[in-house]
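All remarks here apply to the structure that follows.
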Amino acid sequence: MTPTYRPAPTVLAGLTAALRPHAPFSAMADEDLDRLVSASRLSYYAPGDIILAPETHRPEHCYVIKQGSVRGERPGGAGPATALWELSAGEMFPLGALLGERGVTSIYRAAQDTFCLVLPTAEFDVLIERSPQFRDSCTRRLAYLLDVLRANVQAEYVSGITSRHGMATPLHALVRGAPVTVAPETALADALATMESRRIGSLPVVDPDGRPLGIFTRQDVIGRIVLPQRNLGTGIGEVMSSPVIALATDATAADAALMMAQSGIRHVVLTDADGRVRGVVSERDLFQLHRLSVRELSSALGRAKDLPTLVQCAADIRALSYALVAQGVGSRSLTRMISSLNDRLTERILDLYAKDFDLSRLRLCWLGLGSEGRSEQTIATDQDNGIIFAVDDAATPEAAVRERLLPFARAVNDALDRCGYPLCKGGVMAMNPKWCLSLPEWQAAFARWIDRGDPESLLASSIFFDFRRLWGDKDLAGALRDDIARRAKANPRFLKQLAENACRNRPPLSWRGEIVESEDASGAEGMDLKLYGSMPITDGARIFALATGITATNTQERLRDGGTNKGVAKSDLVNWADAFDYLQMLRLRTQHRRVAHELPPSANPNLVPVASLSDLDRRVLKEALRQVRKLQQRLQLDYP
Amino acid sequence: MIAAMGANEGAAGWLKDRLSALVGRPPVYPGRWIVVDTETSGLDPARDALLSIGAVAVDDAGIRIGDSFEVVLRNDAAGSAENVVVHGIGHGAQSEGVPTAEALPAFADYVANAPCVGFHTDFDRAVIERAFAEVGASAPAAPWLDLAQVAAALLPEQHHHGGRSLDDWLTWFAIETTSRHSAAGDALATAELLLRLRVLAAAQGSRGFPALARLARQNRWLGGS
């Protein structure tokens, strides 16, 4: 049928008036909004109706809510508990899938009696072409876009988690190592000793061919051994549970969860095609992911007594950062949480190693530098750190103190390396005698950088000027910070050099606003998110702070406080902060994707191939880069 | 009121476009129903004049905004002052309306024998049929469905507690409406009510036009108004 777009004027006027108050429609030309409404159906969805479900192909319609609300749910869940977000009247969906030309990844369900204008995708495309306002609001407004993106990213991560850790996981993926089993004649004393020494919660009992006869678990100890006062010489076959509830190794986590729920058991024995025991999956294995919470990790870090435990905690921090994105935690809070966990990890390592070295009668302060100093280390980047020490006794030469400290610093640097924060290739580490300095030595170094302003000094500024005390004597760091603030503010030439440096790497946008890719040293094509994106913003924020005596090191805080002191318009500051968030999040996502797809580590982890981005990401990235340019223009005006 | 006049002037021009677009090509797709509402000069279908007709088409998936209809008729007899206030169709607008001899065939073409739906359809149907008769034409021979009966049948409790008028039901279902009290605006609101009632009826096993018509008939026999 050929559609006839000739609606009755009153009907059209009524519906366009209903859309007008809402953001994407308020700016549209009458003609374009009329077209949108005319080409739509008005459909009703009862509460609970599924409007869109995950699909591989691009959705056939765009939906605008006229009345009611629509909930996004992760696939596999049900009910409000799994809601990811909620959309209300005037909102449009699924923009990410329509713009990204892909299927939706979440379930869109009517939360109330809902009427939607349902627009065929072909018409949506026409409007994107025809109406600059519609296109802009769909693809440019950063805050709006970031909202859309957050939902998309979250959905992407959630589906990643369901496929990686979720209920579709085959059980053999959860089994580690060869199974520990015993024969039925094994004495209880021996069986319990095995469970204790191997730290296992359950023990399958097998026949000589390895087929399961029964299972004994930790929960059985009190009821079947202690209370009946069993002789520990008794064979385990007399107290085991039998028959065994078993599943094949290719059954899924969902099967195991269901079986556990139905039979009220905590352990399921896995058997291979010949019926031999291959392992045991416990309830805890199934819900491992839920173990990860900021609070629990933080207290685990506090309790950790050795390096292997801390290495495990560090791995958990990385897994948590993935899970937090999946839970829809925004870049800013994510960064705050992960940074504070990284801080605790570093503190704990320092506490542990301080005991192994003689640090008596020494005042010292461990500094986090670079991104760690800015509390922006969501990505496991190389470590950057240093030590400030005090020489209270004029008779002791600084070099002698340094000699005492360096072995301690080396041990800590190595421990951090084991935890997944690689040694700094540039040697910016406390174990390097150059960066294990007394307070006067640090003050002299900063004075030199500020006065000289040569390329080496400018490079140093991006690492050292963002130092933050992580452990040890507060006053040492405070004294250095005050000294720098005073010096930098009084040296406009240095600030101008910093500004020139911040403007050196202009985002590669063509005259048409397209992103231009370049090759890196290894020949990989892409856009360097750090060099052209987050770094100029970090640099700009640092200049605002240094110029106005703000001692904060975090980029967001420096933008807010330093930018305001500098008289930058609030709207610009908000946009730059949003752009920074987005760029940081994209760096994190790029790295996560690399891990999730088991790609080899790249020579440059910040290089994102633009072609691999969804259309929506590309558009947000362009807008973020446009904001970077705006900030650079501002710096050029401030420091002509 | 001025805005409404403007829209009606627009409506006259729109109808001309519509007439030329429609000749010989009524919209045809499966499951097309027409939801109709009329405005009249009074409440007596035997005497009062038909002032305007509004209609929207509905298919299985929803209301087809693009397939809707609206016409203000040119009437020599002016409506009562009271109705002018309610409908915003002043004397001026009516004298600028479309001559009945043009408007009614356009409406018949638009309906194209699709089943018709309304609220208190006895009234609308009578007024429309009389208007057709006055110009010597026959009204579309489509079956009619009265949502007042359907609503009363599906929700007898609400009906007995005052669910009588279109406004009552729209309020009860919390349907937010736009441009009410024009024939086309009321047709849209009635169509939204239809979407809600269809879901309720389907839940009770009544699907499709004949099943809903049966429901309405039964309600009438059982003494519903």
Side-chain angles (χ1 to χ4, degrees), chain A residues 1-22 25 30-31 33-49 51-52 60-61 63-69 88-90 110-120 122-123 126, chain B residues 3-4 6-15 17-18 21-22 25-30 32 52-71 173-189 191-196 198-200 203:
Chain A
M1 158 254 167
T2 339
T4 44
Y5 301 130
R6 287 172 185 280
T10 310
V11 171
L12 187 58
L15 289 170
T16 51
L19 294 187
R20 272 289 179 217
H22 302 289
F25 313 107
D30 288 344
E31 192 195 28
L33 188 56
D34 283 356
R35 184 178 174 117
L36 185 156
V37 171
S38 305
S40 297
R41 261 200 194 89
L42 183 60
S43 293
Y44 165 71
Y45 302 94
D49 279 0
I51 303 173
L52 274 173
E60 286 161 22
H61 298 98
Y63 299 78
V64 180
I65 303 174
K66 178 191 166 249
Q67 179 186 348
S69 64
S88 55
Q112 308 168 353
D113 290 307
T114 300
F115 284 93
C116 290
L117 283 168
V118 184
L119 180 72
E123 279 296 324
V126 169
Chain B
N8 288 324
E9 283 167 24
W14 164 81
L15 187 78
D17 291 350
R18 164 113 230 163
L22 269 180
R25 297 194 284 118
V28 178
Y29 45 85
R32 183 176 185 261
S52 70
I53 309 176
V56 296
V58 166
D59 67 11
D60 292 342
I63 303 164
R64 298 246 195 166
I65 309 299
D67 187 7
S68 50
F69 181 94
E70 149 167 74
V71 66
F173 280 112
I175 295 174
E176 292 166 14
T177 56
T178 55
S179 28
R180 289 290 316 279
H181 303 302
S182 70
D186 278 1
L188 179 66
E192 290 183 66
L193 177 64
L194 168 64
L195 298 187
R196 297 295 308 265
R198 271 206 313 210
V199 171
L200 285 183

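The structure displayed is predicted, hence computed values, not measured ones. Throughout, a chain's letter reflects where its sequence line sits, starting with A, and its residues are numbered from 1.
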Problem set entry | Under 4.5 Å from a heavy atom of chain A, the part of B:Val58 involved | neither
Problem set entry | Main-chain N/O of A:Leu42 paired to B:Glu192 side chain as donor or acceptor, under 3.5 Å | no
Problem set entry | Distance, nearest 0.5 Å, that separates CG of A:Leu119 from CD1 of B:Ile65 | 11.5 Å
Seminar exercise, completed: Heavy-atom nearest pair, A:Pro7 first then B:Ser68, reads CA-OG, 3.1 Å
Problem set entry | salt bridge (charged side-chain N to carboxylate O under 4.0 Å, His left out) against A:Asp113, all qualifying residues, sequence neighbours excluded | B:Arg196
Problem set entry | Contacting moiety of A:Leu117, where chain B heavy atoms sit under 4.5 Å | side chain
Exercise. Which atom pair, heavy atoms only, marks the closest approach of A:Ser43 to B:Gly62?
Worked result: OG-CA, 3.9 Å
For this session: Determine yes or no for a side-chain-to-main-chain donor-acceptor pair under 3.5 angstrom, with A:Thr10 supplying the side chain and B:Gly185 the backbone.
Result: no
For this session: Side chain from CB out, backbone as N, CA, C, O: work out which of these in B:Leu195 comes under 4.5 Å of a heavy atom of chain A, or both, or neither.
Result: both
For this session: To the nearest 0.5 angstrom, please state how far the OG1 atom of B:Thr177 sits from the CZ atom of A:Phe115.
Result: 10.5 Å
Seminar exercise, completed: Hits for ring-ring contact (aromatic ring centres under 6.0 Å, His included) against A:Tyr63, two or more places apart or cross-chain, chain-then-number order -> A:Phe93
For this session: I would like to know whether A:Val11 and B:Ile63 meet side-chain contact (heavy atoms from CB on, under 4.5 Å); could you show each step before the answer?
Result: CA-CA 11 Å; A:Val11 171; B:Ile63 303 164; over 6 Å; no
Problem set entry | Side chain to side chain, B:Val199 and A:Asp49, heavy atoms closer than 4.5 Å | no
